[in-house]
A.B. asks: 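For reference, the structure I am asking about is given below.
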2 protein chains.
Amino acid sequence: MNAPVSSPASTPALTKNQSLVFEVLNSSDAPMSAYTILDKLRDHGFRAPLQVYRALDKLTEFGMVHRLESLNAFVACAHPNSECCSTGHGHHGTVAFAICESCGHVFEFHDHQVDHRLGDWAKGKGFKPAKTTIEIRGLCEACAA
Amino acid sequence: MNAPVSSPASTPALTKNQSLVFEVLNSSDAPMSAYTILDKLRDHGFRAPLQVYRALDKLTEFGMVHRLESLNAFVACAHPNSECCSTGHGHHGTVAFAICESCGHVFEFHDHQVDHRLGDWAKGKGFKPAKTTIEIRGLCEACAA
DNA sequence: ATCAATTGCGTTATGCTATAACGTGTGTCA
DNA sequence: TGACACACGTTATAGCATAACGCAATTGAT
């Protein structure tokens, strides 16, 4: 009984572990590390980091979760139904993040011009992009005040 | 005899450890992790990670070294004398990196329009950027062939 | 039906990345 | 000369991530 469970349709069917991990991330205001997620799920039978990492890998592949490289942490996608996400297949955008170093809040956004500009640079150099990371660390409006 | 040694002028005076770490990074084609640097410097008396991390912190502050967040690794700045670098003070740019996942080579570049665009987004949101990371992972021209 | 391939899962062990906390020596400068 | 700042060395520990094993369930082709 480890197979994915059918679900409402739009989002891919998630397994139990994937759902649990996503729930935890999705109800958090701030990014969480894999180990923090693990701790939140001990009551649900999670014992080892790999259980979390495996779920995170899939969720990331589905475009439901993003990894923040500068934080070694993860957030639920803020625009789950937009085409900007999903590494899996047809997408046309890179997601950018602004991360408040005071309150931890993450703003996710997308900018076509930045995309095009980076894409043009790559074209000019013959570089084939696979994944692009854009992260702005700083202070959000509320915290900068 | 632990104080910085005076040097040619343009670059800040580096201590012995800082020079050693910078030399290692600067003569490498690809980014290196702190621990790889440590191994390269065992012959020079390095014993502990902190010796490397402390030097890297300073070199980064001087703008002579960049940290690649998506790799947990470090590279020597490719444009040491440009104003684009140096987190320390007056600079106007964010550096972007294209990282070849096959050969490991890193291309460092700068794009004002990307900068402005991200800056505009931040202004609009009242977000105060402190440090911006832009990293494109993919395949360089030679490796994509 | 059944066998092979695939995928998810659980567990143990391990490896890599980074920092805390302590004490030492040295140069600066009021 | 005493307070301070800074670089350094060492030990210990914290935090992030994956390798390698074996089992269970599902899928799909023959």
A.B. asks: Roughly, in whole Å, what's the span from OH in A:Y53 to P in D:dA19?
C.D. replies: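 Those two atoms, OH and P, are 12 Å apart.
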A.B. asks: Establish, with yes or no, whether the OP1 or OP2 oxygen of D:dC16 is under 4.0 angstrom from a side-chain nitrogen or oxygen of B:N72.
C.D. replies: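 Looking at the OP1 and OP2 atoms of D:dC16, neither is under 4.0 Å from any side-chain N or O of B:N72.
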A.B. asks: Over all strands shown, is A:A48 touching base, sugar-phosphate only, or nothing at heavy-atom distances under 4.0 angstrom?
C.D. replies: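 It contacts base atoms.
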A.B. asks: Map B:R54 and A:Q51 onto DNA chain C by nearest heavy atom, then report which one ends up closer to the 5' terminus.
C.D. replies: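 Result: A:Q51.
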A.B. asks: Below 30° counts as parallel, above 60° as perpendicular, anything between as tilted: where do the rings of B:W121 and B:F127 land?
C.D. replies: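 Ring orientation of B:W121 relative to B:F127: tilted.
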A.B. asks: Distance check needed: C:dG10 C1' versus A:K16 NZ, whole Å only.
C.D. replies: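 Going from A:K16 (NZ) to C:dG10 (C1'), I get 14 Å.
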A.B. asks: I need the CG-P distance between B:L59 and D:dA7, as an integer number of Å.
C.D. replies: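 In whole Å, D:dA7 P and B:L59 CG are 11 Å from each other.
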A.B. asks: Are any of A:K58's side-chain N or O atoms less than 4.0 Å away from OP1 or OP2 of C:dG8?
C.D. replies: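 Yes.
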A.B. asks: Counting distance only, does the side-chain N/O of A:D115 pair as donor-acceptor with the main-chain N or O of A:T94 below 3.5 Å?
C.D. replies: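 Yes, because the side chain of A:D115 sits within donor-acceptor range (under 3.5 Å) of the backbone of A:T94.
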A.B. asks: Would you say A:R47 reaches C:dA13's phosphate, i.e. side-chain N/O to OP1/OP2 under 4.0 Å?
C.D. replies: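 Negative; the distance criterion is not met.
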A.B. asks: Is any side-chain nitrogen or oxygen of B:T15 closer than 4.0 Å to OP1 or OP2 of D:dA7?
C.D. replies: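 For B:T15, the contact criterion (side-chain N or O under 4.0 Å from OP1 or OP2 of D:dA7) is not met.
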A.B. asks: Under a plain distance cut-off of 3.5 Å, with no hydrogens placed, do A:E135 and A:S70 share a side-chain donor-acceptor pair?
C.D. replies: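 A donor-acceptor contact under 3.5 Å links the two side chains.
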A.B. asks: Record whether the side chain of A:Y35 comes under 3.5 Å of the base of D:dA14 through a donor-acceptor pair of N or O atoms.
C.D. replies: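 No, the side chain and the base share no sub-3.5 Å donor-acceptor pair.
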A.B. asks: Calculate the interatomic distance between B:L38 atom CG and D:dG9 atom P; express it in whole Å.
C.D. replies: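 Result: 12 Å.
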A.B. asks: Within a strict 4.5 Å, meaning less than it, do heavy atoms of the B:F62 and B:Q18 side chains meet?
C.D. replies: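 Heavy-atom side-chain distance check passes, below 4.5 Å.
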A.B. asks: Using modelled atom types and a 3.5 Å cut-off, is there a donor and acceptor pairing between side-chain atoms of B:T60 and backbone atoms of B:L56?
C.D. replies: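 Judged by distance alone, yes, a pair lies under 3.5 Å.
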A.B. asks: So, is B:N17 close to the D:dG9 phosphate, meaning a side-chain N or O under 4.0 Å from OP1 or OP2?
C.D. replies: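 For D:dG9, OP1 or OP2 has a side-chain N or O of B:N17 closer than 4.0 Å.
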A.B. asks: Can you check the A:Q18 CD to C:dG8 P distance for me, whole Å?
C.D. replies: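 To the nearest whole Å, that distance equals 6 Å.
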A.B. asks: Quick one: B:L41 CG to D:dC8 P, roughly how many Å, whole number?
C.D. replies: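 Whole-Å distance recorded here is 12 Å.
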A.B. asks: D:dG15 P sits how many Å from A:L71 CG, rounded?
C.D. replies: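 Spelled out: CG on A:L71 to P on D:dG15 is 15 Å.
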A.B. asks: For B:L14 and D:dA7, give me the distance from atom CG to atom C1', rounded to whole Å.
C.D. replies: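 Atom-to-atom, B:L14 to D:dA7, this comes out as 13 Å.
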